[in-house]
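Order of the sequence lines sets the chain letters (A, B, ...), proteins ahead of strands, with each chain counted from 1.
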Amino acid sequence: MRLSKMYFRTLREVPSEAEIPSHIWLLRAGMIRRLVSGVYGFMPLGFRSVRKIEEIVRQEMDAKGGQEIHMSALQPAELWQESGRWYAYGPEMWRLKDRNEREFCLGPTHEEIFTDIVRNEVSSYRQLPLNLYQIQTKYRDEKRPRFGLMRSREFVMKDAYSFDRDWEGLDQSYREMYDAYERVFKRCGLVFRAVEADSGAIGGSVSHEFTALSDVGESEIAYCEHCDMAATTERALCVDDAPGTESELPMEKVVTPGTKTIEEVASFLGVGQTKTIKALLFKAYGKSEAEFEYIGVFIRGDRELNMTKLINVLDIPEHAIEFADENEMGRITGAVGGFTGPVGLHDCKVIVDSELVGQKNLVAGACETDHHIINVNYERDYRGDIVTDLKLIKAGDRCPVCGAPVKLARGIEVGQVFKLGTKYSKAMGAYYKDENMEDQLIIMGCYGIGVTRTLAAVVEQHHDENGIIWPMAVAPYHVIVTIVNVGEEAQEALAETIYKDLQKAGAEVLLDDRKERPGVKFKDADILGIPIRITVGKKAAEGVVEYKLRKDSAHSELSAQDAAAQAICYVTSELNR
RNA sequence: CGGAGUGUAGCGCAGCUUGGUAGCGCAUCUGGUUUGGGACCAGAGGGCCGAAGGUUCGAAUCCUUUCACUCCGACCA
């Protein structure tokens, strides 16, 4: 492709909408363009890279026996009502009606649709196992679209669904997808880690998230350097501190004026935050706005609540719970916010973090404004309707597997795999007949890769202060041949020769034949991040060119033939890594 | 959704406090000189100042309402 003919424009300045490197460079390289918040279009160069990722995904899916299909993004509400997710999915689902007022959504994911297809077509155990996938546009009306392709409202996703006879089959399918994912992300040039994850709105029991490590990532993982433990922080189990050994002292109400926060209470009473109880009052909805209950949650004062653990134990969708407001708090506790405690709390479900059970003589709110109670002990003074781990893991906490201190890291969630089990087959009636002509539920798994997010993650990990540095496998082109001075016949002729030779040898080549000054071309080549740069300049008459890799600063002078040969060799070796 | 901020030419911004009918850099077009890391000179085109109301002789500027966008928090591929 000749740059003089290509539809692209690099930007000299950083658009004000962009904050993080992937967003900045994809915009500046002219690869993407925003339509509205969270919705982007792909320009020729950007779309080529998207297709490269898709192709890698296809190859790895097909290698595991996956079969590609393509379902509509437009989905009827009925299927979602069958699975129960029409309500559970919440406001993130993009809903619409047709002219007859029939309800639809733009698919945020496709479990229902694939289950529906399969229940109608699969009837015998002989048709299983089955793995179907698609690469398709998904819609999620995100609360807060952010960071360009990182969190967008329209995005390209590969979603695969496995259908097995039994749990052993699912284990096998899951393992194969897991392997395929490792290959996909490795081929894309990502540094990533597979970690245990919560299954969230998708459901199921076991799940792993593939996280491309990056400081700008929105996903946080906890891992251990002494064992294999690695999990998202929302999933990671926490180890309770050892129980206190001191004897239980009698409770005593004390006056603590204006001490609303844990810090204030602890410093007012001169105790550590580990000797306090943090109280959080929530309002949780059932199936409708009218049906709700109040939930009092108690954890040790120095801990943070893990919201995911809470909604999991309550078995409600995330959008069905909110903090109680000041009026409700007053009604339930009889005090203003900041003085809620578990002792004498009525009309409210009480959920207690397991760690509190063993801790002795703690400080808690007295459910009376400006008062706390000291020497509060579990069992003797209060009990929970539910006692479970509700803590958010933090750096330095003990590893739940081996006890060593855990570390935290940030990353971009580029893929996730789930063992769904029978969640959808049961709700939607997807059965097969076994050897004895008996109906059996199909056992399902589902597997997603954020294709466009992967593109952003690649840029996030592969750039410098001058622009993108594409890994060969996802680069829009392999080589860029720059004519330093268009108009000089020797340069033009030699560049044309190299351009055609490289193309004949199978390389994807850009020829910068624009009537621009050299500086402009070099800057653009850096921004675009094409892995190999061949510069045809002053020594063209002698048949000599410069050969340089985008990732290196040094270049070498070679004959045109040698440069072309070296380029082909490098492309081949990189693609086969 | 809560909090903060911003909407002025394709992009980045100034002007707004103290109203007087819109400007700078980049980009674009023309001519010329340049040509190894985002050139220079001369000239030109391009904006219902986010939208709607209001105040005023007069509004980008003041007031009200609204929409959009970005950032910080809770959620996901």
Side-chain angles (χ1 to χ4, degrees), chain A residues 9-20 23 27-28 30 33-39 57 89-92 108-110 135-160 181 197-202 207 209-212 217-219 232 234 304-308 310-311 317-319 321-323 325 392 412-418 446-457 466-467 482-488 491 515-527 533 535-540 546 555:
Chain A
R9 163 178 284 177
T10 54
L11 305 179
R12 296 196 178 198
E13 284 167 295
V14 181
S16 57
E17 72 183 82
E19 295 283 325
I20 64 167
H23 194 191
L27 282 168
R28 285 195 59 188
R33 173 155 308 165
R34 189 186 65 186
L35 185 62
V36 291
S37 174
V39 180
V57 169
Y89 214 95
E92 212 166 87
T109 176
H110 279 234
I135 295 175
Q136 199 246 13
T137 308
K138 297 286 189 273
Y139 296 87
R140 293 184 190 176
D141 193 1
E142 292 283 348
K143 267 178 270 186
R144 189 178 161 205
R146 231 192 308 204
F147 298 150
L149 300 184
M150 203 72 85
R151 173 175 301 286
S152 49
R153 297 195 291 175
E154 180 190 77
F155 59 97
V156 176
M157 178 164 123
K158 184 287 301 180
D159 46 325
Y181 275 35
D198 184 72
S199 51
I202 305 292
S207 177
E209 173 179 309
F210 289 78
T211 303
E218 298 182 273
S219 184
T232 61
E234 56 187 29
E304 291 274 326
L305 172 67
N306 184 330
M307 203 61 190
T308 302
L310 178 61
I311 64 171
E318 181 272 337
H319 64 85
I321 186 164
E322 62 188 26
F323 280 108
D325 65 32
L392 186 67
I412 302 158
E413 185 197 340
V414 287
Q416 192 167 357
V417 292
F418 304 81
C446 76
Y447 317 90
I449 289 179
V451 171
T452 42
R453 184 184 276 181
T454 297
L455 182 73
N466 295 314
T482 304
I483 305 172
V484 171
N485 203 335
V486 170
E488 289 210 11
Q491 292 186 17
K515 291 185 181 60
E516 287 286 353
R517 293 169 58 84
V520 173
K521 298 185 184 185
F522 295 147
K523 287 284 186 194
D524 280 349
D526 282 346
I527 292 175
R533 183 155 97 206
T535 306
V536 183
K538 283 172 183 153
K539 296 190 177 168
E546 286 167 24
H555 68 265

*Watson-Crick or G-U wobble partner for rG58(B), using a 3.5 Å limit on both distances?*
none

*Show your working on side chain to side chain contact (heavy atoms under 4.5 Å, CB included) between E488(A) and I483(A) and close with a plain yes or no.*
CA-CA 9 Å; E488(A) 289 210 11; I483(A) 305 172; over 6 Å; no

*What is the base-pairing partner of rG12(B), counting Watson-Crick and G-U wobble geometry with both distances under 3.5 Å?*
rC24(B)

*Which nucleotide, rG25(B), rU35(B), rC75(B), lies nearest any side-chain atom of P518(A)?*
rU35(B)

*Touch check for V414(A), heavy atoms < 4.0 angstrom, all strands: base, sugar-phosphate only, or nothing?*
sugar-phosphate

*Can E234(A) and T232(A) be counted as having a side-chain donor-acceptor contact under 3.5 angstrom?*
no

*Whole angstrom is fine here: how far is it from CD in E19(A) over to C1' in rC69(B)?*
12 Å

*Could you give the NZ-to-C1' distance, from K143(A) to rC76(B), as a whole number of Å?*
10 Å

*For V417(A), does its backbone N or O pair with a side-chain atom of Y181(A) as donor and acceptor, under 3.5 Å?*
no

*asked:* If you compare every side-chain N and O of T452(A) against the phosphate oxygens of rA77(B) (OP1, OP2), does one of them come in below 4.0 Å?
replied: no

_Interatomic distance where CD belongs to E17(A) and C1' belongs to rC13(B) [whole Å]_ = 16 Å

_Does G537(A) reach a base, just sugar-phosphate, or nothing at all? Heavy atoms under 4.0 Å._
base

*V156(A) or R28(A): which one's nearest nucleotide on RNA chain B is closer to the 5' end?*
R28(A)

*Roughly how many Å is it from CZ in R153(A) to P in rA77(B), rounded to a whole number?*
18 Å

_Separation of rC71(B) P from M150(A) CE (nearest whole Å)_ = 12 Å

*Hey, does F147(A) reach any base, or is it just sugar-phosphate, or nothing, if we go heavy atoms under 4.0 Å?*
sugar-phosphate

*When we call it a touch if two heavy atoms are under 4.0 Å apart, what does R151(A) touch: a base, just sugar-phosphate, or nothing?*
base

*Considering only the C1' atoms, how many Å lie between rU8(B) and rA51(B), rounded to the nearest integer?*
14 Å

_Opposite nucleotide pairing with rC49(B), Watson-Crick or G-U, both atom distances under 3.5 Å_ = none

*asked:* Taking only the P atom of each, what is the distance from rC63(B) to rC13(B) in whole angstrom?
replied: 24 Å

*Determine which nucleotide pairs with rG31(B), using a 3.5 Å limit on both distances of a Watson-Crick or G-U wobble pair.*
rC41(B)

*Has S16(A) got a side-chain N or O lying under 4.0 Å from the OP1 or OP2 atom of rU70(B)?*
no

_Span that lies between the C1' atom of rU56(B) and that of rG31(B), in whole angstrom_ = 48 Å

*Please check if the side chain of T482(A) supplies one atom and the backbone of V484(A) the other of a donor-acceptor pair under 3.5 Å.*
no

*asked:* Please report the distance separating the C1' of rU61(B) from the corresponding atom of rG23(B), rounded so that it comes out in whole Å.
replied: 15 Å

*Give one of base, sugar-phosphate or nothing for E413(A), where a contact means two heavy atoms less than 4.0 Å apart.*
base

_Closest-nucleotide ordering on RNA chain B, the 5'-leading residue of F418(A) and N485(A)_ = N485(A)

_Could you identify the nucleotide paired to rG19(B), looking across every strand shown and requiring Watson-Crick or G-U wobble geometry with both distances under 3.5 Å?_
none

*Remember a base hit wins even if backbone is also touched, and classify I202(A) as base, sugar-phosphate or nothing at under 4.0 Å, heavy atoms.*
sugar-phosphate

*Can you tell me how far C1' of rA77(B) sits from CD of Q416(A), to the nearest Å?*
8 Å

*With sugar-phosphate meaning primed atoms plus P, OP1 and OP2, does I527(A) contact a base, only sugar-phosphate, or nothing at under 4.0 Å between heavy atoms?*
base

_Keeping R453(A) on the side-chain end and E413(A) on the backbone end, is there a donor-acceptor pair under 3.5 Å?_
yes

_Gap between atoms CD and C1', on E234(A) and rC76(B) respectively (whole Å)_ = 9 Å

*Which part of the nucleic acid, if any, lies within reach of S152(A) when heavy atoms closer than 4.0 Å are counted: base, sugar-phosphate only, or nothing?*
base

*Counting only N and O atoms by type, is there a donor-acceptor contact under 3.5 Å from the side chain of D159(A) to the main-chain atoms of G448(A)?*
no

*Which base, if any, makes a Watson-Crick or G-U wobble pair with rA68(B), both distances under 3.5 Å?*
rU6(B)

*Out of rG38(B), rC69(B), rC76(B), which nucleotide sits closest to the side chain of K523(A)?*
rG38(B)

_Test your reading of the model: is there a side-chain donor-acceptor pair from R28(A) to the backbone of L11(A), 3.5 Å cut-off?_
yes

*Is there a donor N/O on one and an acceptor N/O on the other, under 3.5 Å, for the side chain of D524(A) and the base of rG38(B)?*
yes

*Rounded to whole angstroms, how far apart are CD on E218(A) and C1' on rA74(B)?*
12 Å

*So, the side chain of E546(A) versus the backbone of T535(A): is there a donor-acceptor pair under 3.5 Å, distance only?*
no

*Report yes if a side-chain nitrogen or oxygen of R12(A) is closer than 4.0 Å to either non-bridging phosphate oxygen (OP1 or OP2) of rG25(B); otherwise report no.*
no

*What does rA77(B) pair with, Watson-Crick or G-U, if both distances are under 3.5 Å?*
none

*For F522(A) and rG38(B), say yes or no: do the ring centres fall under 5.5 Å of each other while the ring planes differ by less than 30°?*
no

_Check: rG36(B) base within 3.5 Å donor-acceptor of E546(A) side chain_ = yes

_Phosphate OP1/OP2 of rU28(B): any R9(A) side-chain N/O under 4.0 Å_ = no

*Would you say R146(A) has more than 12 foreign heavy atoms packed within less than 6.0 Å of its CZ?*
yes

_N/O (side chain, R146(A)) to phosphate O (OP1/OP2, rG73(B)) under 4.0 Å_ = yes

*Is K538(A) touching bases, backbone alone, or none of the nucleic acid, heavy atoms closer than 4.0 Å?*
base

Can you name the atoms? Protein N/O to nucleotides 2-6 of chain B N/O, anything below 3.5 Å, with the distance.
none

*How would you label the contact of V451(A) with the nucleic acid (heavy atoms, under 4.0 Å): base, sugar-phosphate, or nothing?*
nothing

*asked:* Main chain of S37(A), side chain of R153(A): is a donor-acceptor contact present, judged purely on distance under 3.5 Å?
replied: yes

*Quick check: are there more than 12 heavy atoms from other residues, nucleotides or ligands sitting under 6.0 Å from CD of E17(A)?*
yes

*Say you pick atom P in rG7(B) and the same atom in rU17(B); how far apart are they, in whole Å?*
14 Å

